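Let me begin by presenting the structure, written as structure tokens, before commenting on it.
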Amino acid sequence: PFDWYAEMRQDDPVRYDERRQTWDVFRYEEVDRVLRDHETFSSDLTTADIQPPRVGDDDSGFRTMLRADPPDHGRLREFVNERFQPGTIRQNRARIEELTVKQLDQLEDERRIDVVSDLADPLPVSVIAELLGIPTDRREQFKEWSDALVTPDAEDTEQAHETQRQDAWTEMQTYFSELIDERENGGGDDLITLAATARELDREETIGFCILLLIAGNVTTTNLITNAVWCFEEHDVTERVRSGEIDRTQAIEEVLRYRSPVQMVRRVATEDVKLGGRRITAGERVTPWIGSANRDPTMFDAPEAFRPERQPNPHLAFGRGIHYCLGAPLARIEADVALGELLDRFSTIEPDLTDRTPRPTFHGLTALPCAVGR
Ligand code: HEM
């Protein structure tokens with residue numbers, strides 16, 4: 001999409017797409033404005049004149065912070081904010097390392113691995129399952145739901161996928177409802193208990209919160225880990241990251257900018273507004289392209305170059321404003337740990353990039369086979 005973004009930033013930075021029935025926004029300045037100005041650009045898509053087609057990143061039907069405006073937004077987010085602060089989330093680092101090591105131990109003497117199915121897919125699911133306090137014997141099920149919700153199976157027809165989605169939704173609701181019942185009296189320090197005992201949330205909102213964490217944190221983090229291995233290979237920096245010559249956390253920020261797992265978000269205009277010289281009418285849908293803003297030359301020097309030491313790096317990969325990604329500190333740690341352990345374990349990692357299948361909806365790959373040495 002990157003050539004298309006560049007063309008659009010130049011020729012048509014704010015333009016209406018008749019087919020998708022939404023305003024596309026391509027430049028950093030306007031994307032930043034839309035994200036910050038939550039009064040003019042609502043996250044509650046149900047207020048749109050034209051309902052968007054259902055796509056994978058939707059938490060359809062549930063009122064969650066992701067799709068709420070103030071004051072509801074604060075109510076739905078504040079009870080959990082503290083748990084995701086960098087300092088608090090860092091306490092989970094050792095456990096994330098353990099989970100990563102366990103995952104990599106299964107590879108024994110393999111000479112070929114798939115970064116996606118062997119690490120990047122399972123890791124975020126098990127981390128979020130632990131934080132929520134999902135019983136061990138239900139983890140497999142948990143993983144299937146998360147897949148059914150976000151990754152349309154390429155072989156399936158749209159219809160079959162929709163049925164699968166519906167089934168997953170119903171099952172998940174029942175399942176979380178049972179867990180919430182069990183935990184309403186408190187005691188545990190898991191996130192389901194936290195939500196179940198939060199006075200400001202009703203039952204539906206509590207279920208919505210659990211499902212949102214499951215959806216928002218998995219494919220996105222999978223893609224960040226995969227895209228990091230991909231970018232490092234593509235730009236030949238793996239060895240310099242391994243040796244510490246390039247700071248790993250800084251390199252991951254550049255991956256977030258250069259191959260943003262979430263390329264766009266969605267809003268609805270609440271009033272008539274001028275943006276980039278165009279007039280948007282109340283009720284119309286707006287699509288800020290994060291992936292394009294992150295390559296805007298007015299904000300980044302040589303934006304099409306991958307510069308793992310880029311600083312400052314004010315990318316918008318986690319959004320901006322009140323909806324800024326709750327899980328950003330967690331995603332950063334997971335990526336850092338995953339990359340660190342991969343480089344530790346394998347003396348060489350040679351990704352095969354000849355046969356790349358992009359992930360639908362998000363920016364990433366379905367598989368990343370690598371030849372590895374020890
Ligand atoms: C919101 C990206 C990982 C939970 C967002 C938004 C973006 C984003 C762009 C803003 C959406 C908007 O403004 O409409 C990412 C990326 C990730 C990642 C790129 C990984 C690399 C996670 C993880 C979790 C998480 C691991 C949870 C454990 C959330 C939640 C919101 C959110 C709950 C909604 C916040 C709100 O509306 O106030 N994320 N995310 N994300 N993310 Fe993430």
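Remember, predicted model here, so these are calculated numbers, not experimental data. Numbering of ligands and ligand atoms starts at 1, following listing order.
- Numbered from 1 in the order shown, with element, the atoms of ligand 1 that lie under 4.0 Å from a heavy atom of L330 read 28 (C).
- A salt bridge between R240 and E309 is present, with a side-chain N of the basic residue lying under 4.0 Å from a carboxylate O of the acidic one.
- For the pair R67 and D44, the salt-bridge criterion is not met [side-chain N within less than 4.0 Å of a carboxylate O].
- With respect to the salt-bridge test (charged N to carboxylate O, under 4.0 angstrom), the residues R63 and E205 qualify.
- Within a 6.0 Å sphere centred on CZ of R111, heavy atoms belonging to other residues, nucleotides or ligands number 12 at most.
- Within the 3.5 Å criterion, the main-chain N or O of A338 finds no donor-acceptor partner in the side chain of T100.
- Using a cut-off of 4.0 Å between Lys/Arg side-chain N and Asp/Glu carboxylate O, D105 and R345 are scored as salt-bridged.
- At a threshold of 4.0 Å, the pair R33-E30 does not count as salt-bridged, since none of the basic side-chain nitrogens sits closer than that to a carboxylate oxygen.
- Which parts of ligand 1 touch H73 is read off a 4.0 Å heavy-atom cut-off, strictly below it: atoms 36 (C), 37 (O), 38 (O).
- Looking at I322 against ligand 1, only its backbone comes within 4.0 Å, counting heavy atoms.
- No salt bridge links R15 with D11; every basic N to acidic carboxylate O contact stays at or beyond 4.0 Å.
- The contact set between ligand 1 and V265, taken as ligand atoms under 4.0 Å from a residue heavy atom, comprises 11 (C), 12 (C), 14 (O).
- Less than 4.0 angstrom separates some heavy atom of A317 from each of these atoms of ligand 1: 2 (C), 9 (C), 19 (C).
- Checking R67, R267, R266 against atom 12 (C) of ligand 1, the nearest heavy atom belongs to R267.
- Inspection of the Q103 and D118 side chains reveals no N or O donor paired with an N or O acceptor under 3.5 Å.
- With 3.5 Å as the limit, one finds a donor-acceptor pair spanning the side chains of S117 and D114.
- Polar contact check, T221 against ligand 1: no nitrogen or oxygen pair lies under 3.5 Å apart.
- Counting only protein N, O or S atoms closer than 2.8 Å to atom 43 (Fe) of ligand 1 gives 1.
- For ligand 1, the atoms lying closer than 4.0 Å to a non-hydrogen atom of L224 are 21 (C).
- In L66, the parts holding a heavy atom less than 4.0 Å from any atom of ligand 1 are both the side chain and the backbone.
- Counting non-hydrogen atoms of other residues, nucleotides and ligands closer than 6.0 Å to CD of E234 gives a total above 12.
- Residue I290 touches ligand 1 through its side chain alone, judged by heavy-atom distances below 4.0 Å.
- At under 3.5 Å, a nitrogen or oxygen of R77, whether backbone or side chain, sits near a nitrogen or oxygen of ligand 1.
- Annotation: ring-ring contact (aromatic ring centres under 6.0 Å, His included) contacts of F41 (sequence neighbours excluded): none.
- Looking from atom 28 (C) of ligand 1 to the surrounding protein, the closest heavy atom is I128 CD1, 3.3 Å.
- Residue H323 places at least one N or O, backbone or side chain, under 3.5 Å from an N or O of ligand 1.
- Which of L212, D69, L132 comes nearest to atom 33 (C) of ligand 1 through a heavy atom is settled by distance: it is L212.
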Step-by-step salt bridge (charged side-chain N to carboxylate O under 4.0 Å, His left out) determination, E254 to R307
CA-CA 7 Å; E254 181 67 346; R307 293 189 175 163; over 6 Å; no
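- At a heavy-atom cutoff of 4.0 Å, ligand 1 is contacted by no atom of E334, backbone or side chain.
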